[in-house]
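Down below is the structure, laid out as structure tokens.
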Amino acid sequence: MSQQNVDTVQGMYNAFATGDIPTILAALDPQVEWWEAENFIYDDGNPYVGPEAVLQGVFMRIGTEWEGFAVTPKEVLDAGDTAIGHGYYSGTYKKNGKHAKAQFAHFFTFRDGKIVRFQQYTDTAQFKQVIA
């Protein structure tokens, strides 16, 4: 089952790259807890509960506030019921034209083939500087 979890996460990253947000949301449990990193620019809704909250509180904001925002994984690791992705975010903040490139780590916890918890870690200070 854990290789299937890794494949699901890799598929989510591929879907994000093509703008296929419905595929990402379909991988989430109806009661998923989505945690943005503490002090991140989108942590104001923590935890986002359910796919619709993730869509509105995270993905819609990224789509409207950033130009060319990309999530580029370097690797997805198998950790049993958890898959860990790490790589880089990059994009340009539309309001001021500043660019960000920051490392991330994502922890996806699975139950019955669905993601029940997501935890993000990233360079929160860089993002706050970029949007300032």
Side-chain angles (χ1 to χ4, degrees):
M1 187 65 146
S2 56
Q3 182 58 47
Q4 183 179 354
N5 295 346
V6 168
D7 293 344
T8 296
V9 170
Q10 188 60 57
M12 291 172 68
Y13 288 136
N14 293 341
F16 191 88
T18 63
D20 183 4
I21 302 304
T23 292
I24 298 169
L25 298 176
L28 305 179
D29 184 85
Q31 293 301 310
V32 65
E33 284 189 13
W34 187 280
W35 292 85
E36 295 289 290
E38 290 179 9
N39 300 308
F40 189 59
I41 57 175
Y42 302 130
D43 76 343
D44 56 337
N46 280 349
Y48 295 92
V49 177
E52 184 64 24
V54 174
L55 174 64
Q56 295 301 320
V58 181
F59 295 134
M60 292 295 289
R61 290 163 79 181
I62 290 170
T64 59
E65 297 174 6
W66 293 87
E67 185 69 41
F69 192 88
V71 179
T72 307
K74 296 295 179 191
E75 186 175 26
V76 180
L77 304 169
D78 174 2
D81 290 338
T82 300
I84 303 165
H86 66 91
Y88 286 90
Y89 291 131
S90 61
T92 302
Y93 193 61
K94 289 180 182 178
K95 288 184 181 177
N96 61 21
K98 292 183 182 177
H99 185 76
K101 183 175 183 189
Q103 290 180 307
F104 70 77
H106 296 154
F107 289 69
F108 299 87
T109 303
F110 285 80
R111 184 174 57 239
D112 299 327
K114 292 286 190 175
I115 296 165
V116 295
R117 189 171 196 285
F118 168 85
Q119 176 65 60
Q120 170 209 50
Y121 297 96
T122 192
D123 183 352
T124 59
Q126 181 183 161
F127 278 96
K128 288 195 175 189
Q129 289 171 354
V130 166
I131 70 166

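By convention here, the first residue in the shown sequence is residue 1. Owing to the predicted nature of the structure, the values given are computational and were not obtained by experimental measurement.
- In this structure, Ile24 CD1 and Thr8 OG1 are separated by 12.5 Å, a value rounded to the nearest 0.5 Å.
- Tyr93 and Phe104 end up in the same hydrophobic cluster when Ile, Leu, Val, Met, Phe, Trp and Tyr side chains are linked at under 4.5 Å.
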Q.
Using the rule given for side chain to side chain contact (heavy atoms under 4.5 Å, CB included), can you reason through Leu55 versus Ile21, listing the C-alpha separation, both sets of side-chain angles and the distance that settles it, and then say yes or no?
A. CA-CA 8 Å; Leu55 174 64; Ile21 302 304; 3.9 Å; yes
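- With rounding to the nearest 0.5 angstrom, the CD atom of Glu38 is 8.0 Å from the CG atom of Asn46.
- Of all the heavy atoms in Pro73 and Gln10, the pair that sits closest is CG-NE2, 4.1 Å.
- Summarising the geometry, atom CG belonging to Asp43 is positioned 7.0 Å from atom OH belonging to Tyr48; distances are rounded to the nearest 0.5 Å.
- The CD atom of Glu52 sits 9.0 Å away from atom CE of Met60, with the distance rounded to the nearest 0.5 Å.
- Looking at residues two or more places apart in sequence or on another chain, you find a ring pair (Phe, Tyr, Trp, His ring centres under 6.0 Å) between Tyr42 and Phe40.
- Other residues, nucleotides and ligands contribute only 12 or fewer heavy atoms inside 6.0 Å of the NZ atom of Lys101.
- Connection of Val71 to Tyr121 is not established within any shared hydrophobic cluster, with ILVMFWY side chains joined at heavy-atom distances below 4.5 Å, either directly or through further cluster members.
- Of all heavy-atom pairs between Asp123 and Gln126, the closest is OD1-N, 3.1 Å.
- Transitive grouping of hydrophobic side chains (ILVMFWY, heavy atoms separated by less than 4.5 Å) keeps Leu77 and Met12 in distinct clusters.
- In terms of modelled atom types and a separation under 3.5 Å, the side chain of Asn96 and the main chain of Val130 share a donor-acceptor contact.
- Aromatic ring pairs are classed by plane angle as parallel below 30°, tilted from 30° to 60° and perpendicular above 60°; the pair Trp34 and Phe118 is parallel.
- In terms of heavy atoms, Ser2 sits closest to Gly80 at CB-O, 3.3 Å.
- Salt-bridge annotation for Asp44 and Arg61: present, with a side-chain N of the basic residue lying under 4.0 Å from a carboxylate O of the acidic one.
- Atom-to-atom distance recorded for Ile131:CD1 and Ile41:CD1 is 5.0 Å, nearest 0.5 angstrom.
- Val116 and Val54 fall into different hydrophobic clusters, where Ile, Leu, Val, Met, Phe, Trp and Tyr side chains are chained together by heavy-atom contacts under 4.5 Å.
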| message | The test is side chain to side chain contact (heavy atoms under 4.5 Å, CB included); show your working for Val76 and Phe108 and say whether it passes. | response | CA-CA 10 Å; Val76 180; Phe108 299 87; over 6 Å; no
Which pairs would a plain distance check flag for residues 83-91, meaning a side-chain donor or acceptor within less than 3.5 Å of a matching protein atom at least two apart in sequence or in another chain?
| unit_1 | atom_1 | unit_2 | atom_2 | d |
| --- | --- | --- | --- | --- |
| His86 | NE2 | Glu75 | OE1 | 3.1 |
| Tyr89 | OH | His106 | NE2 | 2.6 |
| Tyr89 | OH | Gln120 | NE2 | 2.9 |

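- Under the 4.5 Å side-chain heavy-atom criterion for ILVMFWY residues, a single connected hydrophobic cluster contains both Leu25 and Phe69.
- In terms of heavy-atom proximity, Val32 sits nearest to Arg117 at CG2-N, 4.0 Å.
- Minimum interatomic distance between Lys94 and Gly63 (heavy atoms only, all atoms of both residues): NZ-O, 3.5 Å.
- By the neighbour-count criterion of 12 heavy atoms within 6.0 Å, atom CD of Gln56 is densely surrounded, having more than that number from other residues, nucleotides or ligands.
- Residues Pro51 and Pro30 share a closest heavy-atom pair of CD-O, 3.5 Å.
- Here Gln31 contributes atom CD and Lys114 contributes atom NZ; the two are 13.0 Å apart, rounded to the nearest 0.5 Å.
- Partners of Trp35 under the ring pair (Phe, Tyr, Trp, His ring centres under 6.0 Å) rule, at least two apart in sequence or in another chain, do not exist in this structure.
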